[in-house]
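First the structure, in the form of structure tokens, and then the observations on it.
Numbers for residues simply follow the sequence, beginning at 1.
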Amino acid sequence: MTLPRRKKAFYALLFGGLAFVLIGTISAFYNAIPVEVSIDNTVPSGKIDILTPNMNAGNTANITIAGSTFNIAIADPDKKIIKSGNDITDFHYTFVAQKDGEHTITVRNTGNSQLFIEGSAYTKGNPIAFSGQMMLIVTGIIVTGLSLRLRNR
């Protein structure tokens, strides 16, 4: 049994629209859940590295830095310094977020050789990514609506 063109278009648009809505919804939920992300980076001499994990209260970040001399500052979402140090050559720190939001870890290499940063931090998506998922859901609704309009003709 073969379907007429109009019916094929209806099903294609309907399933495509529903897929957009489903993927957008799942992605939006995933965007709000913090996941552990590995931190592996090198910082050349004279450069700065800024890490900004978007953490929930109770999430942890574990950071180890070795190599050249460096300055470090770890701040909470209110820009209050949690931990800092100047002219350090070896650093290991694990902190637990006390507040929800974007924490800032700033590392400035003040030495003559490369720095090696390792560790992990929990982070979740930012509001800009969330707006993309909302656009995907709206597109799915529009495509589904087009399919229903085809069916009613």
Would you say the side-chain atoms of [X] pair up with the backbone N or O of [Y], donor to acceptor, closer than 3.5 Å?
X      : Y      : value
Ser27  : Ile23  : no
Asn109 : Gly46  : no
Asn59  : Ala121 : no
Ser147 : Thr144 : yes
Asp78  : Lys80  : no
Asn41  : Ile117 : no
Glu118 : Phe116 : no
Ser120 : Val37  : no
Thr123 : Met55  : no
His92  : Asp90  : no

Do Asn54 and Thr52 come within less than 4.5 Å of each other through their side chains, counting heavy atoms only?
-> no

Would a 4.5 Å heavy-atom cut-off, applied to side chains only, mark Pro77 and His103 as touching?
->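 Yes, side chains in contact.
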
When rounded to the nearest 0.5 angstrom, what is the spacing between [atom1] in [X] and [atom2] in [Y]?
X      : Y      : atom1 : atom2 : result
Ile63  : Thr94  : CD1   : OG1   : 10.0 Å
Thr25  : Gln133 : OG1   : CD    : 9.5 Å
Lys124 : Asn31  : NZ    : CG    : 8.5 Å
Thr104 : Asp76  : OG1   : CG    : 8.5 Å
Leu13  : Leu18  : CG    : CG    : 10.5 Å
Ile74  : Ile105 : CD1   : CD1   : 5.0 Å

Examine [X] and [Y] and state if one hydrophobic cluster contains both, with Ile, Leu, Val, Met, Phe, Trp and Tyr joined whenever side-chain heavy atoms are less than 4.5 Å apart.
X      : Y      : answer
Ile39  : Tyr122 : no
Ile82  : Phe70  : yes
Ile137 : Ile142 : no
Met134 : Val21  : yes

Could you walk me through whether Leu136 and Val138 pass the side-chain contact (heavy atoms from CB on, under 4.5 Å) check?
-> CA-CA 6 Å; Leu136 188 61; Val138 169; over 6 Å; no

Mind checking side-chain hydrogen bond (donor to acceptor under 3.5 Å, both in side chains) for Ser38 and listing every partner two or more places apart, or none if nothing turns up?
->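 Ser38 satisfies side-chain hydrogen bond (donor to acceptor under 3.5 Å, both in side chains) with Asp40 once adjacent residues are dropped.
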
Does the side chain of Thr89 pick up a donor-acceptor pair with the side chain of Thr69 at under 3.5 Å?
->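 No, no side-chain donor-acceptor pair sits under 3.5 Å.
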
Is there a side-chain contact (heavy atoms from CB on, under 4.5 Å) between Asn71 and Asp87 once you walk through the steps?
-> CA-CA 6 Å; Asn71 300 338; Asp87 297 324; 3.9 Å; yes

On a heavy-atom basis, the closest approach of Ile81 and Ala73 is CD1-CB, 4.2 Å

Between Pro34 and Asn56, which heavy-atom pair has the shortest distance, and what is it?
-> CG-ND2, 3.2 Å

Can you label the angle between the Phe95 ring and the Tyr93 ring as parallel, tilted or perpendicular, going by 30° and 60°?
-> parallel

Can you list the steps and then say if Val35 with Tyr30 is a side-chain contact (heavy atoms from CB on, under 4.5 Å)?
-> CA-CA 9 Å; Val35 293; Tyr30 181 74; 3.7 Å; yes

Might you work through the side-chain contact (heavy atoms from CB on, under 4.5 Å) test for Thr106 and Ile48, ending with a clear yes or no?
-> CA-CA 7 Å; Thr106 306; Ile48 298 174; 3.9 Å; yes

